[in-house]
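The structure appears below as structure tokens.
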Protein chains: 2
Amino acid sequence: MITTLTTTVIDRAFAALGDSVRLRIGCCLLMAPDGLCVCELVDVLGEPQPNVSRQLKLLKEAGLVTQRREGRWAYYALRQKDHPLLKPLTACIETACCCVDAQEDQRRLRARLALRRGGKCVVGIHPRKKKGGEARVRLPVVPG
Amino acid sequence: MITTLTTTVIDRAFAALGDSVRLRIGCCLLMAPDGLCVCELVDVLGEPQPNVSRQLKLLKEAGLVTQRREGRWAYYALRQKDHPLLKPLTACIETACCCVDAQEDQRRLRARLALRRGGKCVVGIHPRKKKGGEARVRLPVVPG
DNA sequence: TGATCATATTCTCAAAGTGGAATATGTGAA
DNA sequence: TTCACATATTCCACTTTGAGAATATGATCA
């Protein structure tokens, strides 16, 4: 995807991470190499869904993140290759992960990932906050 | 200077490098660990002096750059310590230095550094463009 | 097909960033 | 003290970004 490496490509990558929400997304994605779906990020970050989608789109346009669809869910993951900046940038994000406030996210993310079935997200946004609580979670037919 | 590491500190650092001029400044400073003065950066970048001063101030406020005065000259350097993000961030800037457009800056910087005397800047802005040319450069008393 | 749900987009406007132009500050030399 | 010069700041018009609110899209299931 990224063909020629120019300073413009690079400063756009920096700008993409120069926002607290997007940096926190980066930290979360670092914990889940296979990606996270939007609703998981919404729950972890406590940000409105349209905002999370927006920021993910920005990260994707900056070439830092990839997207794949699985049924109704869209999984976003940190790009692993084709971007020469990604390795050193990942090291920067790792530093961010050590921050106290980032670790709060990590705690919530671990809790959210525990709700997965077969490695996939099977619930929507705020499962614990909606009426009916756990009973609301209707598990569809999932292999594994 | 940086006491507690928070994600805010880090995304401000990213945002500081998320601009083409400031990223180019970062690349230049990487070539000169002891720092560059404002007039040198003005010549290399081809940006107006007030703009260079402004961007340097921003980099300084983001904790990425230090400043010291030597007579009329102000030297800015990449911060080396007290900022846990600096090492991985430096690796990112190094990647940026490999870009074709960044190497043009590097060529100009080498030429500009050749005008130093005793490792110090002794000329102002655009020395070759002002009337009188080389003759204008009046060397003050400089040790070495 | 219609309902439901996960995700994406658009509209809007306040807030922040950007950089040119003019000017101020600070330092050293005459 | 005055001048010259390197650097810093302020003012201002302009552009970009940020995010709430409402709505659209797209996929699955009944």
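Not measured: the values here are computed from a predicted model. Residue numbers begin at 1 in each chain, while the letters A, B, ... track the order of the sequences.
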> What is the distance, rounded to the nearest whole Å, between atom CZ of R68(A) and atom C1' of dT7(C)?
Replying inline: 15 Å
Distance-only check: which donor-acceptor pairs under 3.5 Å involve side-chain atoms of residues 88-99 of chain A, not counting sequence neighbours?
{"unit_1": "T90(A)", "atom_1": "OG1", "unit_2": "L86(A)", "atom_2": "O", "d": "2.6"}
{"unit_1": "T95(A)", "atom_1": "OG1", "unit_2": "A91(A)", "atom_2": "O", "d": "3.1"}

> In whole Å, what is the span from the CZ atom of R116(A) to the P atom of dA6(C)?
Replying inline: 15 Å
> Going by the ring-ring contact (aromatic ring centres under 6.0 Å, His included) test, which pairs reach into residues 103-124 of chain B, not counting sequence neighbours?
Replying inline: none
>> Run the salt bridge (Lys or Arg N to Asp or Glu O under 4.0 Å) test against E70(B) and tell me which residues pass, sequence neighbours left out.
In response: R68(B), K120(B)
>> Heavy atoms only, 4.0 Å cut-off, all strands: where does C121(A) land among base, sugar-phosphate and nothing?
In response: nothing
> Between E70(A) (CD) and dG26(D) (P), how many Å, whole number?
Replying inline: 19 Å
>> At under 4.0 Å between heavy atoms, how does the protein contact nucleotides 8-24 of chain D? Give one character per nucleotide, 5' to 3', with B, S or -.
In response: BBB-------SBB-B--
> Please give, in whole Å, the distance from dA3(C) C1' to R72(A) CZ?
Replying inline: 11 Å
> To the nearest Å, how far apart are Y75(A) OH and dA27(D) C1'?
Replying inline: 14 Å
> Q55(B) and side-chain hydrogen bond (donor to acceptor under 3.5 Å, both in side chains): which partner among E47(B), R22(B), K60(B)?
Replying inline: R22(B)
>> Considering only residues two or more places apart or on different chains, which pairs with a residue in residues 23-39 of chain A satisfy salt bridge (charged side-chain N to carboxylate O under 4.0 Å, His left out)?
In response: R24(A)-D105(A)
> Which ring-ring contact (aromatic ring centres under 6.0 Å, His included) pairs, counting each pair once, include a residue from residues 10-52 of chain A, with sequence neighbours left out?
Replying inline: F14(A)-F14(B)
> Whole Å only: how far is the NZ atom of K60(B) from the P atom of dT7(D)?
Replying inline: 14 Å
